[in-house]
Amino acid sequence: MNPTPKSGRFITLEGGEGAGKSTLARGLADALRAGGREAVVTREPGGAPGADAIRALLVQGDAGRWDAMEEALLFAAARRNHLTHTIRPALARGAWVICDRYYDSTRAYQVAAGGLAPAALDTLNVLIEAPAPDLTFVLDFAPDAGLARSQGRHVGEDRFEKKDAAFHARVRAEFLAIAQREPQRCVVIDASQSAEQVLAQATRAVAERLK
Ligand code: Z5A
């Protein structure tokens, strides 16, 4: 994967729905700002005007609206737009970017759970020149507990929530497998802890791994 072209740092947050990614993103950004850093919090799909328009196509409607390849192509188009308009400019000016979901989500949802060939995602990542994150937090949490936490928070944006339990179990297993394959990049956090404990663990890892 391409190294991150930047002077800032690129941190991604991954995990199932309701695992606490947005909560951790806000907490990490506050901690970085308190230390005098510029922190940019963003998310996928979305994070730039074109990507936000694509987000609506992906998270709304019937679960079977798109197959895994169609989804991967839409996520890749949104990701390229997000990289061009938000992530790369922020990294280039030295900001620390905290991104709620990135290409590991495509690996978990479209490849592992959706059946897309791994090589198809590898090719898309090369085509869009997706930089590797400097650090990725995998928030591990039981899917049913995550769904309960986020209940009612995604009115009209519940397309992935409609997938069955086996799908969400495959997603969880793949996030853990990614972390096992890439221990130098990934840190797994038990997301059943309190939000304060999750933030403390993440803040320690940032201090230890990203100077
Ligand atoms: N998707 C994909 O398939 N392929 C891709 O490449 C990408 C995405 C990029 C987008 O959903 C969907 O797109 C996603 C995968 C797919 N679908 N699913 N499932 P999204 O990112 O917009 O939604 P989400 O990930 O499901 O976000 P979420 O529900 O907002 O979850 P979260 O950000 O991880 O959780 P949160 O908002 O921080 O917390 C949820 C609630 O729990 C909230 O009330 C918090 O106050 C509370 N909370 C948070 N942490 C804690 C702790 N530690 N204890 C107790 N309560 C907590």
Side-chain angles (χ1 to χ4, degrees), residues 12-30 41-48 51-52 54-61 63-83 86-87 98-116 118 120-121 124-125 128 130 133 136-165 167-172 174-175 178 189-202:
T12 58
L13 310 184
E14 299 283 7
E17 176 157 10
K21 301 177 297 299
S22 318
T23 303
L24 176 58
R26 287 193 297 274
L28 267 183
D30 288 345
V41 175
T42 188
R43 66 159 183 190
E44 291 203 355
D52 280 329
I54 296 171
R55 176 185 174 91
L57 295 173
L58 281 160
V59 299
Q60 297 174 9
R65 181 181 187 186
W66 309 109
D67 68 20
M69 172 63 86
E70 292 160 350
E71 285 175 357
L73 291 167
L74 287 165
F75 279 115
R79 187 161 299 137
R80 179 174 166 85
N81 183 262
H82 186 205
L83 284 164
T86 303
I87 295 175
I98 302 164
C99 187
D100 182 344
R101 296 193 183 279
Y102 187 58
Y103 60 35
D104 294 319
S105 280
T106 317
R107 180 86 53 199
Y109 285 82
Q110 281 66 50
V111 175
L116 181 73
L121 175 59
L124 287 171
N125 284 342
I128 66 170
T136 296
F137 290 108
V138 171
L139 299 193
D140 181 54
F141 201 37
D144 52 346
L147 286 173
R149 261 190 198 166
S150 64
Q151 200 84 55
R153 298 177 67 249
H154 296 295
V155 181
E157 285 203 340
D158 59 352
R159 200 176 143 255
F160 286 91
E161 285 171 39
K162 295 174 189 161
K163 305 272 188 186
D164 63 22
F167 181 95
H168 289 287
R170 289 197 295 275
V171 167
R172 182 187 193 186
E174 182 60 18
F175 280 130
I178 290 168
I189 296 181
D190 173 1
S192 68
Q193 302 175 93
S194 72
E196 293 72 22
Q197 288 170 315
V198 170
L199 175 60
Q201 199 175 332

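Order of listing sets the numbers, starting from 1, for every ligand and every atom in it. Positions are given from 1 along the sequence.
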Short N or O contacts of ligand 1 with protein, under 3.5 Å, listed by atom name?
from, atom 1, to, atom 2, distance (Å)
ligand 1, 3 (O), Gln110, OE1, 3.4
ligand 1, 3 (O), Gln110, NE2, 3.0
ligand 1, 4 (N), Gln110, OE1, 2.9
ligand 1, 6 (O), Arg79, NH2, 3.1
ligand 1, 6 (O), Thr106, N, 3.2
ligand 1, 6 (O), Thr106, OG1, 2.6
ligand 1, 19 (N), Glu17, OE1, 3.1
ligand 1, 19 (N), Tyr109, OH, 3.4
ligand 1, 21 (O), Arg101, NE, 3.0
ligand 1, 22 (O), Arg55, NH1, 3.4
ligand 1, 22 (O), Arg55, NH2, 2.6
ligand 1, 25 (O), Lys21, NZ, 2.9
ligand 1, 25 (O), Arg101, NE, 3.0
ligand 1, 25 (O), Arg101, NH2, 2.7
ligand 1, 29 (O), Gly18, N, 3.4
ligand 1, 29 (O), His154, NE2, 2.7
ligand 1, 30 (O), Arg153, NH1, 3.2
ligand 1, 31 (O), Gly18, N, 2.9
ligand 1, 33 (O), Ser22, N, 2.9
ligand 1, 33 (O), Ser22, OG, 2.5
ligand 1, 34 (O), Ala19, N, 3.2
ligand 1, 34 (O), Gly20, N, 2.9
ligand 1, 34 (O), Lys21, N, 2.8
ligand 1, 34 (O), Lys21, NZ, 2.7
ligand 1, 35 (O), Gly20, N, 3.2
ligand 1, 37 (O), Arg153, NH1, 3.1
ligand 1, 37 (O), Arg153, NH2, 3.0
ligand 1, 38 (O), Ser22, N, 3.3
ligand 1, 38 (O), Thr23, N, 2.8
ligand 1, 38 (O), Thr23, OG1, 2.6
ligand 1, 53 (N), Gln193, O, 2.9
ligand 1, 53 (N), Ala195, N, 3.1
ligand 1, 54 (N), Arg149, NH2, 3.1

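Annotation: the span from Glu17 atom CD to Arg149 atom CZ amounts to 11.5 Å, rounded to 0.5 Å. Expressed to the nearest 0.5 Å, how far CZ of Arg101 lies from OG1 of Thr136 amounts to 13.0 Å.
Between the side chain of Arg65 and the backbone N or O of Leu57, at least one donor-acceptor pair lies under 3.5 Å.
Atom CZ of Arg80 sits in a sparse spot, with 12 or fewer heavy atoms from other residues, nucleotides or ligands closer than 6.0 Å.
For the ring-ring contact (aromatic ring centres under 6.0 Å, His included) test, no residue two or more places apart in sequence or in another chain qualifies with Phe141.
For the pair Arg107 and Glu174, the salt-bridge criterion is not met [side-chain N within less than 4.0 Å of a carboxylate O].
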